[in-house]
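All values derive from a computational prediction rather than experimental measurement. In what follows, chains are A, B, ... by sequence order, proteins preceding strands, each numbered from 1.
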Protein chains: 2
Amino acid sequence: MKEKQVRSTAAKQHIREILEQSGTALSQPEIQEQSEGVCDRVTVYRVLDRLLQEGEVHKTIGLDGMTRYAICKACDHDHGHQHDHVHFSCEVCGEVTCLDKVIPELKLPRGYRLKEASYMISGVCPTCN
Amino acid sequence: MKEKQVRSTAAKQHIREILEQSGTALSQPEIQEQSEGVCDRVTVYRVLDRLLQEGEVHKTIGLDGMTRYAICKACDHDHGHQHDHVHFSCEVCGEVTCLDKVIPELKLPRGYRLKEASYMISGVCPTCN
DNA sequence: ATTTTTTCGCAACTGTGTTGCATTAATTAT
DNA sequence: ATAATTAATGCAACACAGTTGCGAAAAAAT
């Protein structure tokens with residue numbers, strides 16, 4: 001059982017940089033647009049998959065059904081990830097932001113066993129407000 | 001300005017019945033599967049759109065990015081809809097259920113103006129537990 | 001420098017959701 | 001009841017996100 005080594009490639013570095021600079025969660029098309037032909041569409045998807053596996057990034061599904069990826073900031077890499085934070089989708093600018101600090105409280109009815117939660121809030125962000 | 005009248009068709013009745021009997025949120029493919037060729041794929045989408053417009057149904061995006069529709073139960077049709085309830089997606093059976101009663105509390109950071117919320121929880125439902 | 005292993009690009013494909021348009025079915029008016 | 005009107009349907013075609021196979025290219029290991 002040999003572990004797959006983590007390889008650093010041009011595309012990967014570039015995509016991580018885009019995500020870091022943006023600060024918001026980005027979809028493949030959004031990344032593609034910002035990286036003007038650095039690599040193929042498929043490569044973007046594969047790099048994002050790898051970054052996800054390596055725990056550098058987390059994934060969220062927007063209200064538009066679009067998959068977006070964002071750099072993990074508030075994640076504890078040693079003790080499992082904290083991906084149950086809130087994502088905010090701005091109606092005006094369309095940006096999806098991670099609200100790391102916000103942790104919603106909720107009580108599930110008896111019988112339901114929670115495993116993962118995804119909170120998607122839409123509204124107007126501070127910049128557009 | 002004449003209003004578009006609400007028309008009752010075979011496809012519409014059939015699809016509403018499927019949703020009522022299921023009790024869970026269903027996607028177009030799931031509805032299609034249960035209705036064995038009652039109508040075209042496109043018609044299902046259009047009927048669901050109409051039911052949504054008429055406020056009989058609400059829409060939710062799953063963690064799989066799939067759009068699902070469910071009959072509105074806890075909605076107050078006179079004073080606007082309450083669609084901000086929690087949806088629970090079971091890892092085992094794949095069913096998406098509306099938890100009408102569960103209302104999560106959360107405090108947004110200053111500057112953010114909430115308009116709509118979508119809470120998607122995944123885990124194991126009572127039946128599969 | 002050579003081998004090994006991973007990543008990349010391309011083409012092709014799957015599946016969800018949408019649109020235009022001619023036809024059909026449900027209301028409404030006669 | 002019948003004709004006129006208006007909305008719903010089916011079909012074909014399309015748009016676009018996401019995936020897969022495979023040979024070529026690029027990293028890392030030897």
Go through the structure and list residues passing side chain to side chain contact (heavy atoms under 4.5 Å, CB included) with [X], not counting sequence neighbours.
X: A:Ala11; value: A:Thr9, A:Cys39, A:Thr43, A:Val47
X: B:Gln53; value: none
X: B:Leu99; value: A:Leu108, A:Pro109, A:Tyr112, B:Val86, B:Phe88, B:Val102

Could you grab the distance from atom OG of A:Ser122 to atom NE2 of A:His87, nearest 0.5 Å is fine?
14.5 Å
Please, which pairs that meet side-chain hydrogen bond (donor to acceptor under 3.5 Å, both in side chains) have at least one residue in residues 11-26 of chain A, sequence neighbours excluded?
A:Ser8-A:Gln13, A:Lys12-A:Glu54, A:Arg16-A:Glu56, A:Ser22-A:Thr24
Please list all pairs meeting side-chain hydrogen bond (donor to acceptor under 3.5 Å, both in side chains) that have one or both residues in residues 62-71 of chain B, counting only residues at least two apart or in different chains.
B:Glu30-B:Arg68, B:Asp64-B:Arg68
Under the side chain to side chain contact (heavy atoms under 4.5 Å, CB included) rule, what do A:Cys98 and A:His58 come out as? Steps first, then yes or no, please.
CA-CA 10 Å; A:Cys98 304; A:His58 67 269; 3.5 Å; yes
Is the base of C:dG17 touched by the side chain of B:Arg46 through a donor-acceptor pair closer than 3.5 angstrom?
no
What's touching nucleotides 13-17 of chain D from the protein side, N or O pairs under 3.5 Å?
none

Please give the remaining members of the hydrophobic cluster of A:Ile61, linking ILVMFWY side chains under 4.5 Å, ordered by chain and number.
B:Ile61
Calculate the interatomic distance between [X] atom [atom1] and [N] atom [atom2]; express it in whole Å.
X: B:Gln32; N: C:dT16; atom1: CD; atom2: C1'; result: 12 Å
X: B:Ile15; N: D:dA8; atom1: CD1; atom2: P; result: 13 Å
X: B:Asp40; N: C:dT18; atom1: CG; atom2: C1'; result: 12 Å
X: B:Lys12; N: C:dT27; atom1: NZ; atom2: C1'; result: 13 Å
X: A:Asp49; N: C:dT6; atom1: CG; atom2: P; result: 16 Å
X: B:Asp64; N: C:dG15; atom1: CG; atom2: P; result: 14 Å
X: B:Arg16; N: D:dA8; atom1: CZ; atom2: P; result: 13 Å
X: B:Leu48; N: C:dT16; atom1: CG; atom2: C1'; result: 13 Å

B:Lys107: salt bridge (Lys or Arg N to Asp or Glu O under 4.0 Å) partners, not counting sequence neighbours:
none
State which residues pass salt bridge (Lys or Arg N to Asp or Glu O under 4.0 Å) with A:Glu33; sequence neighbours excluded, sorted by chain then number.
none
Double-helix bend of the helix from C:dA1-D:dT30 to C:dT30-D:dA1, axes at both ends from 5 pairs, round to 10°, gives 30°
Which atoms of nucleotides 26-28 of chain D (N or O only) lie under 3.5 Å from a protein N or O atom, and what are those distances?
from, atom 1, to, atom 2, distance (Å)
D:dA27, N3, A:Arg7, NH1, 3.3

In short, salt bridge (charged side-chain N to carboxylate O under 4.0 Å, His left out) pairs touching residues 118-129 of chain B with sequence neighbours left out are none
